Structure formats: C-alpha cells, structure tokens
Amino acid sequence: MNEIAIKKNDGEIIDTQTAKELGFEGEAIFLDNSPEALEVLRHSTAHLMAQAIKSLYSDAEFYVGPVVKEGFYYDFKTSAEIGESDLKKIEKQMLSFAKKKYEIEKYTITKAEAREKFKDDHLKQAVLDMIPSDEVSIYKQGEFEDLCRGPHLPNIGLIRYFKLTKISGAYLGGDSKNEMLTRIYGIAFATKDALKEHMDMLREAEKRDHRKLGNEMKLFTFREEVGAGFPIWLPAGGRLRARLESLLFKAHRKRGYEPVRGPEMLRSDLWMTSGHYQNYGENMYFTKIDDIEFGVKPMNCVGHIKVYEDELHSYRDLPIKYFEYGVVHRHEMTGALHGLFRVREFTQDDAHIFCRADQIEEQIIEVVDFVDKIMSTFEFDYKMMISTRPEKAVGSDEVWEISTQALKNAMDKNELAYEIDEGGGAFYGPKIDIKITDAIGREWQCGTIQLDFNLPERFHLEYNADNNEKVQPVMIHRAILGSFERFIGILTEHYAGEFPMFIAPTQVAIVPVAESHKEYAKLLSDKLIDINADSEIYAKNDSLNKRIRTAEKTRVPMIVVIGDEEIKNNTVAVRDRRTREQYNMSQEDFLKLIQTKINEVNF
RNA sequence: GCCGACAUAGCUCAGUUGGCUAGAGCAGCUGAUUUGUAAUCAGCAGGCCCGGGGUUCAAAUCCUCGUGUCGGCACCA
C-alpha cells in the first residue's frame, strides 16, 4: 500500500511533499479508506477534476474545491454551458490524466507572485483576497497548477475509484447576492469495493425516498393544478396520519394540554403586534376582506394567545397548556420545496405553555421527556441543540440572556447532553431543537422547544400573582413531530415504508383462498374494526399466488390466508411480512395479538 | 429566487435525423378459471404527448414564455 501523507503529533495531516520540504518525519498515512486518507484522496480528486475541466474548457476559472461530508466538490466558472451529460466526459478525461501518473509537486511563492500567476482568473483572485499570509503554496500536476494549501497525494496515478455525482449552481462565497458558479460534486475511495458500497448506499436511500414510496403506497400526492407545495393526502396516508394524531392526542391530554383551535387567518394588525408582519411578512400569504387586510397564519401562537386572553388567570392556574394540530401556510421559495419535507401548507403538532418564570425549568424537562417517549417509540436516536440569539431578533439582550440561561439550566440540572448553535435561535427567543437520526444514519430536525419572553410582552399578557399584582407569564412554544407532513416523510424513509403495526395504514391483509371463504374474511374484517385495526380483503378474481403477491407489495404488516381448514378450525394462517414464514393460530389469539400490538404503544 | 436537467395513459417507461392511426408492461374493465402462500388465460378500454405562443407543407420531437418536478445553491423566523 502506498504512503500518501504524514500525520503530525498534533494530529494535523501534512502531505509527503510538505514533509520533504520540512524534513519532517511522523506517522505515515497509507492510501486506505480511513478518514485521514480519504480526506487527502478526495482533495486530490477535486484537483484532478479541475485539471480535466481546464483541459476541456480552456477559459475555466476556479474558486475553491474542498472536501465535504459527501465527498468533494469544486466551484468554477466557464463560458460553456455544462450539464449532467458532461460529467461522463469529465470523468473520462480525469481517468486519462490519472493514467499518466503525474507527480503532484508543491512549491511556494509570494502572494504577489500568485496574483500575477493567476491574473486572468478572477476567482483565484477572490481566493487570494481571503488568504492572510504573504506566502502561498502551489500544487502542480502535469501542466495544471492550482493555488492550494493541500494536503495532496504524491501522485495522481493513485486516484482510481471515484465518481462525479452531481452538478449544480452555487453562489460565490455562499452568498446569494454574488454571481453563481458551477459546482460539481464527486466521491472517491481507496478501493473499488468501498466505492461500490457507497453507491449501493445511495441506491438504498433512493429506494426509501418518501416521494417514491408515498406514490407507490398511495399515501399522498401533489398536483400541478393544485399548486406547488400543497400536499393531497390519499386514503392510506389519511389512515396513517389519523393513527398518529389520535395517539398524540391522548398523550397531550395525559400531560394536561387542552385542545384549542384558532382561525386560519387573522387581521394583519395582530401580525404587526406579534412582529411577524415586520419580520416574516414576505413569507406570509395575505388577503383582503371588506378592505381589511388579513394574514393567513404561519404559526399558531397568536390564536393561542387569544385563547389565553379569553379569561383572567391566577398564578394558581399556571402552567396553562394549549395544543392544536395547527394548519399553517408559509411561502417557501420554489427551489426549497421537496416532497413532504418542505411544503407551503402543513400541520404542526403545536402547543403553547403559559407559565411562571419559576416553572420554566420543570416545563422544559417535561417536554423533553415527552420528546423522548415519542422518539424512542419510533426507534430514533436524537440529540438536542440549544440555539442562541440570531442577528435578526427582537427583545433586549438581557431578556435573551435570561431565557437562554433558563434552557441551559434545565438541561444541566438533569444532566442532559446538548450542543450549542450560536445565533441559531428564532427571532423571538432561544430554543432547543431536537435532531433525530434515522435507520440509515441520516439526521433530521423535527421537534423544537422555544422560549418566548417577547410575545407576552407585545400582547400584554398577564396573570394575578399571590400578592394580587399583575405579572407577565412566560410562553413556551413547542412542537414534537414538527409537522405531520415532514414527520411522516421521515418515518416513511426510516421504515422504508414498512410501518409498524400501530401506525400502518392497514394492519392486516386478508386473503381468502376461494369465493366460498369470502364471508369468513368479511366477518374477520369486522372483528378487526372492533379492535381498531384496518384490514383489506384480497378477494379479486386472481390466483391465490397473485393476491398474496399483491398484498405483500403493499407492505402490510400481516397477511392472513383463509381457506377450508381455517374456517373449520376457526383459525387463521398468518404470513410474516419479512420472513415469509407461515403459522396457524386461533382467530381469538390472532385478534388478541393485533390488539396488543396496536395498544402497546403509548407516548 | 439562482444554476442545470426533465415533463408522453392511473403508475413505470419506449417513441430514430421533425414525417403513416403515438407504443409497451403494470394497474383498470369484461369473460373463462375458484385457485393453499410472490404474477392463470383471453379480450376490451384508456392520450389536450404539462399549458400558451411561434417556426414549418408537417411538431410529442425545434424555438419561446409559463407551470410543475428533480439535483444542488441560497432560504427554513
């Protein structure tokens, strides 16, 4: 195996070129699939790609080409229009360069020399602007030279197993005010197998895509004539969603939440009072009724505030918890829309807790426990993230400081691990976000717990304290799933469509062997409804094999086959979804089993 | 919103350099068959080829403006 780089004592990786320059010896890094080796390999593959692009498009200018989580990319600009179909061509050129086994040479020049060297490349000039030091290093392979700090492989011949995966636009410096460059993403590995494994993993993720499964399993759909970002829930999706809603309803009632409901749109004056008009107006939908402007709610808090204001409250009443499956509309930009993950209308499992300052901690802890119950039921790992004051914010620094500290205290006192996201808070308060990890290791943000000292102030909310003085309550916004749309999308991918019994759109598929067994099937189906289980009878004029196949393809958790034997003995023949094994059990036991599986879940 | 790609039957997809009545599989319907654990057979029906405008003797195919979708970027209070 080839030695490609050196690891210094402090963990920093330097390439063999630099080590030679410095006369440095340290721990050798070999070309394998270790994170260190892949970092170097992928960086050099990015350069090889740049070399290929430069040879194919001579006016190409290059910005930066870093290694990222998914591989590497390079941002560049050329007068030619490059599309997906060109990736193959570039890959081919890369391979032909790699075959030439150019050595990657490194040398150092002054920044002024570099400016002169890349004088025709305004992107490299922009890169040079960002470099503070007076000397810069240049890497050279064949005719191609690039400004880079490394580390790199000693020879491009070591690059063999790679693939260019995506092409897209990307703003210069990640700022939408700047010009747009072309970005090509790629991936590279030390071995053929590792590359193949990676590509297989991508295919697996593709198979789980909720948009594909949602279509196949008839959960939801979108229609051009309805409008972008407005999901349509189909019967199967409706059943799944209803199960989730009813489980969650009970869970809220158990914890003392009251169901309430605010209107879909409220007068704009209220959004001005809340601050949404000024801070979020461009993402809201407005309409006029008799010359008065209304804003369609992008959040449910104002409605809940109006519920709170409906009567006077004593300190004894607090905390007061309102919850609602609140439908909200937000104008997401066209390019942001993505299946159920980003839509323009969605339903939040939203709640607002109005409490005294001295209750914040216990309330946060209770919500965090609620989150844990739900996420562990769905077998999600998760972590928590505290987000602090963002740039665009309302409220004084002092209020922010107090509320942020309250969140940290709640976590610290209960020894809960969390990370800090500086500047990631909502404009009205700091928050705790819950990030979950799904079955194939992808991270998603769902739940959020947000402290708000701001809205109570703006709406002059109050309660009577024990000394009969008016005191302003604290408001906690929280959603656990986030939205039903997004969460069901995530669940679909998490389970690859094979939903567990308690939320599956259909619990049981019943396959009668022949015409004469249909009646028994119907009786069984009715009994299943009595225990809150949905079933579907596959009695179409098809072969038994065909109907079992059809039932299997719906990903229903349980299939039972019914024929003469079963009717005679009052049993069912159960077929397991995954193992395809069959076993018989009495009808009574079967119903009990289903009932248990449905009822064993409680948040 | 920006860069690039794409849009043909309910679904998945063919459709050649512009040229006959736009095809297939699955799903659907009708009939035969009544089946014991992953596709029985035969027949039928199903298309504003995303929408508007244009080029052309002729457009699913070329151009243009929309709409929607996909991959990213930016955005996600």
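Keep in mind that the numbers below use all heavy atoms, side chains included, and drop hydrogens, waters and symmetry copies. Note that the structure is predicted; figures quoted are calculated from it, not measured. A note on names: the letters A, B, ... follow the listed sequences, proteins ahead of strands, and every chain is numbered from 1.
- Side chains of A:Gln348 and A:His477: no donor on one and acceptor on the other come within 3.5 Å.
- When each of A:Thr492, A:Ile232, A:Val343, A:Leu340 is checked for a side chain to side chain contact (heavy atoms under 4.5 Å, CB included) with A:Phe220, only A:Leu340 meets the rule.
- Under a cutoff of 6.0 Å and an axis angle of 45°, A:Arg575 and A:Tyr583 do not form a cation-pi pair.
- Listed for the A:Arg42 side chain is a donor-acceptor partner under 3.5 Å among the backbone atoms of A:Ala188.
- Within 4.0 Å of A:His338, counting heavy atoms only, lie sugar-phosphate atoms of the nucleic acid but no base atom.
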Scan nucleotides 74-76 of chain B against the protein and return all N/O pairs shorter than 3.5 Å with their distances rounded to 0.1 Å.
| from | atom 1 | to | atom 2 | distance (Å) |
| --- | --- | --- | --- | --- |
| B:A74 | O2' | A:Ser176 | OG | 3.2 |
| B:C75 | O2 | A:Arg342 | NH2 | 2.7 |
| B:C75 | N3 | A:Arg342 | NH1 | 3.4 |
| B:C75 | N3 | A:Arg342 | NH2 | 3.3 |
| B:C76 | O2 | A:Arg342 | NH1 | 2.8 |

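- Residues A:Asp564 and A:Tyr520 have side chains that never bring a donor and an acceptor to within less than 3.5 angstrom of each other.
- A:Gly429 comes within 4.0 angstrom of no nucleic acid atom, judged by non-hydrogen atoms across all strands.
- With both ends at atom P, the span from B:U61 to B:G54 equals 14 Å, rounded to whole Å.
- Shown here, B:G68 forms a base pair with B:C6; the pair counts as Watson-Crick or G-U wobble because both key distances fall under 3.5 Å.
- Atom CE in A:Met384 sits 6.5 Å away from atom CD1 in A:Ile434 (nearest 0.5 Å).
- Between A:Leu337 atom CG and B:C70 atom P the separation is 8 Å, expressed in whole Å.
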Protein-to-nucleotide contact annotation, 5' to 3' order, nucleotides 32-40 of chain B [B base; S sugar-phosphate only; - none; under 4.0 Å, heavy atom]: BBBBBBBBB
Listed pairs, N/O of protein and of nucleotides 3-12 of chain B, under 3.5 Å:
| from | atom 1 | to | atom 2 | distance (Å) |
| --- | --- | --- | --- | --- |
| B:C3 | O2 | A:Gly169 | N | 3.0 |
| B:C11 | O3' | A:Asn215 | ND2 | 3.3 |

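- There is a side-chain donor-acceptor pair under 3.5 Å between A:Thr78 and A:Asp59.
- The side chain of A:Tyr73 places no N or O atom within less than 4.0 Å of a non-bridging phosphate oxygen (OP1 or OP2) of B:C73.
- Judged by a 6.0 Å distance limit and a 45° cone about the ring axis, A:Arg183 is positioned over the six-membered ring of A:Tyr73.
- Within the 4.0 angstrom heavy-atom criterion, base atoms lie near A:Pro298.
- In this structure, A:Lys166 does not pair ionically with A:Glu70, as no charged nitrogen and carboxylate oxygen lie closer than 4.0 Å.
- Classified by interplanar angle (parallel below 30°, tilted 30° to 60°, perpendicular above 60°), the ring pair A:Phe354/A:Tyr308 is parallel.
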